[in-house]
Amino acid sequence: MSTNLLSSPTNFGIGGVVKAISWNWKNQQFQIVYETIGSGSPLLLLPAFSTVSTREEMSGIAKLLAPHFQVIAVDWPGFGESSRLPVNYEPAIYEQFLEYFVTSVFYVPITVVAAGHSAAYVLKLAQKNSSVFSRLVLVAPTWRGPLPTMGVDRQIAGVFREIVRSPIVGQALYKLNTVPSFLSFMYRRHVYVDAAKLTPSFIEHKWQNTQQPGARFAPAAFVTGNLDAVHHQADFLTLAQNLSVPLMVVIGESSPSKSRADMDALAALSGVQTAVLPGSLGMHEEYPEAVAEAILPFLRTGS
């Protein structure tokens, strides 16, 4: 594995040292960008999947935890500053990537703080190879993409995904769904609680992320449910029930009803430590101070 320091400045980072690794998926070479800040035992931050997903959304938590840990935040394949290749994004990509990353970059069991949809991938890897993790924190965890959550049939969602992947119509549809006014609407609806934080400059910055070459492919897979690592709540809960490492779940008290029900069911499992805090699906970015304060005692128990 070659790890190199990126020479170009980053626009979507956490304020640390930026590096990249090469990772191969079916003869497609991805450049994966990650960033390190702080010192101590390693702690991996995984951003949520979304149209605007970048490691930058973990920057608040990263800076607050950096005095206690060596914090590493990564951009998932197809998102952020990692390669956004026009491949068929599916769960197998992220399952294999996560296992590769944690076994190649780290040489001791690590702590993970995973936001949103990354939760199921962390739980699946923990079930497959528990020795790579020391403890897990899931912040506003979800397992079902937006369209399936809305009740859209998965076959219909798949047709929509292929349309978005198409060269001309797909690009037009993607642009309509990433205009600043629509991004602001979606943030107000289920990502942020405090609309005053959704300033024009904030939304403009998010919009810039959506306009990178190849940006539509992975988000289209997420929105249509093609990145759902499981398809039933029972399977999601089973992953957590079989854990052999400590687990903490952080719930946004204003999360959408279906997502909140899944979080509550996860939190109700025996042995799971829980915190309910202000926020919704973007609570890790909107309220980093509250999240960091709530999870730090749990994290330091294992350090």
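Values reported hereafter were calculated over all heavy atoms of this structure, with side chains retained and with hydrogens, waters and symmetry mates removed.
- Remark: side-chain polar atoms of Ser184 are not paired, donor with acceptor, to backbone N or O of Pro180 under 3.5 angstrom.
- Residue His190 comes nearest to Ser280 through the heavy atom pair O-OG, 2.9 Å, listed as atom of the first residue, atom of the second, then distance.
- In this structure a side-chain-to-backbone donor-acceptor pair under 3.5 Å is present from Gln212 to Gln208.
- Under the 4.5 Å side-chain heavy-atom criterion for ILVMFWY residues, no single connected hydrophobic cluster contains both Leu176 and Val164.
- A ring-centre distance under 6.0 Å is not found for Phe97 and Trp25.
- Geometrically, Arg55 does not engage Tyr34 in a cation-pi contact, judged by NZ or CZ lying under 6.0 Å from the ring centre and within 45° of the ring axis.
- Val191 belongs to a hydrophobic cluster whose other members, connected by ILVMFWY side-chain contacts under 4.5 Å either directly or through intermediates, are Val52, Leu183, Tyr187, Tyr192, Leu198, Phe202, Ile203, Trp207.
- In this structure, Ser82 and Pro77 have side chains that are not in contact, with every pair of non-hydrogen atoms separated by 4.5 Å or more.
- In Gln155, the CD atom is not crowded: 12 or fewer heavy atoms of neighbouring residues, nucleotides or ligands sit closer than 6.0 Å.
- Residues Leu277 and Ile251 are not in side-chain contact: their nearest non-hydrogen atoms beyond the backbone lie 4.5 Å or more apart.
- In this view, Ser254 satisfies the side-chain hydrogen bond (donor to acceptor under 3.5 Å, both in side chains) rule with no residue, not counting sequence neighbours.
- The structure places CD of Gln127 at 10.5 Å from CD of Gln241, a figure rounded to the nearest 0.5 Å.
- A salt bridge links Glu99 to Lys128: one of the charged nitrogens lies within less than 4.0 Å of a carboxylate oxygen.
- Rounded to the nearest 0.5 angstrom, Glu56 CD and Ile14 CD1 are separated by 10.5 Å.
- Ser83 has its side chain out of reach of Ile32: every pair of non-hydrogen atoms, C-beta onward, lies at least 4.5 Å apart.
- Residues Thr224 and Asn226 have side chains that never bring a donor and an acceptor to within less than 3.5 angstrom of each other.
- Connection of Val272 to Phe236 is established within a shared hydrophobic cluster, with ILVMFWY side chains joined at heavy-atom distances below 4.5 Å, either directly or through further cluster members.
- In this view, His231 satisfies the ring-ring contact (aromatic ring centres under 6.0 Å, His included) rule with no residue, not counting sequence neighbours.
- Distance CD/Glu81 to CD/Glu35: 8.0 Å, rounded to 0.5 Å.
- No donor-acceptor distance shorter than 3.5 angstrom exists from the side chain of Arg165 to the backbone of Arg216, with no hydrogens or angles considered.
- Remark: Glu293 pairs with no residue by the salt bridge (charged side-chain N to carboxylate O under 4.0 Å, His left out) rule, at least two apart or across chains.
- A chain of hydrophobic side-chain contacts below 4.5 Å, direct or via other Ile, Leu, Val, Met, Phe, Trp or Tyr residues, connects Leu123 to Val230.
- Atom OG1 of Thr178 sits about 10.0 Å away from atom CG of Asn209, to the nearest 0.5 Å.
- No more than 12 heavy atoms of other residues, nucleotides or ligands sit less than 6.0 Å from atom CD1 of Ile168.
- Cluster note: Phe185 groups with Val179, Phe182, Met186 through ILVMFWY side-chain heavy atoms spaced under 4.5 Å, whether in direct contact or through intervening members.
- Here the shortest heavy-atom pairing between Ala196 and Thr199 reads O-CG2, 3.7 Å.
- Distance check, rounded to the nearest 0.5 Å: CG of Leu136 to CG of Leu44 gives 10.5 Å.
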Stepwise, does the side-chain contact (heavy atoms from CB on, under 4.5 Å) test hold for Phe12 with Glu57? CA-CA 8 Å; Phe12 297 97; Glu57 68 195 55; over 6 Å; no
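- Between Phe49 and Tyr94, the gap from one ring centroid to the other is short of 6.0 Å.
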So Val87 and Phe30, side-chain contact (heavy atoms from CB on, under 4.5 Å) or not? Walk me through it. CA-CA 11 Å; Val87 302; Phe30 281 85; 3.9 Å; yes
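- Residues forming a ring-ring contact (aromatic ring centres under 6.0 Å, His included) with Tyr89 (at least two apart in sequence, or on another chain): none.
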If you apply the rule side-chain contact (heavy atoms from CB on, under 4.5 Å), what do you find for Leu45 with Phe69, and how did you get there? CA-CA 11 Å; Leu45 301 181; Phe69 302 93; over 6 Å; no
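- Contact annotation: the side chain of Leu147 never approaches that of Phe222 to less than 4.5 Å [non-hydrogen atoms, C-beta and beyond].
- Lys124 is linked by a salt bridge (charged side-chain N to carboxylate O under 4.0 Å, His left out) to Glu95, counting only residues two or more places apart in sequence or in another chain.
- Counting heavy atoms from C-beta outward, Thr210 and Tyr174 have side chains that approach closer than 4.5 Å.
- For the side chain to side chain contact (heavy atoms under 4.5 Å, CB included) criterion with Pro42, the lone passing option out of Val105, Val112, Ile72 is Ile72.
- When each of Arg135, Gln273, Met248 is paired with Thr301, the side chain to side chain contact (heavy atoms under 4.5 Å, CB included) condition holds for Arg135 and for no other.
- Hydrophobic clustering places Leu247 together with Leu46 (ILVMFWY residues linked when any side-chain heavy atoms are closer than 4.5 Å, directly or through intermediates).
- Remark: side-chain polar atoms of Asn177 are paired, donor with acceptor, to backbone N or O of Leu173 under 3.5 angstrom.
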The test is side-chain contact (heavy atoms from CB on, under 4.5 Å); show your working for Leu281 and Ser259 and say whether it passes. CA-CA 9 Å; Leu281 299 183; Ser259 298; 4.1 Å; yes
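- Counting heavy atoms from C-beta on, the side chains of Glu253 and Pro278 come closer than 4.5 Å.
- Side-chain contact check for Gln70 versus Ser41: every heavy-atom pair is 4.5 Å or farther apart.
- At a cut-off of 3.5 Å, with distance as the only test, a side-chain donor of Gln29 or Asn24 sits close to an acceptor on the other residue.
- Contact between Ile37 and Gly15 at its shortest, heavy atoms only, is CD1-O, 4.0 Å.
- The ring-ring contact (aromatic ring centres under 6.0 Å, His included) search around His284 returns none, not counting sequence neighbours.
- To the nearest 0.5 angstrom, His68 atom NE2 is 13.0 Å from Thr111 atom OG1.
- Both Val74 and Tyr100 are members of a single hydrophobic cluster when ILVMFWY side chains are connected at heavy-atom separations under 4.5 Å.
- The salt bridge (charged side-chain N to carboxylate O under 4.0 Å, His left out) test applied to Arg144 returns Asp262, not counting sequence neighbours.
- Sequence neighbours left out, not one pair with a member in residues 179-192 passes salt bridge (charged side-chain N to carboxylate O under 4.0 Å, His left out).
- Every pair passing side chain to side chain donor-acceptor pair (under 3.5 Å) that includes a residue from residues 112-122 is listed here, sequence neighbours excluded: His117-Thr142, His117-Asp228.
- For residues 195-207, the salt bridge (charged side-chain N to carboxylate O under 4.0 Å, His left out) pairs, not counting sequence neighbours, are Lys197-Glu286, Lys206-Glu285.
- Using a 4.5 Å cut-off on side-chain heavy atoms (C-beta onward), Leu43 and Val113 make contact.
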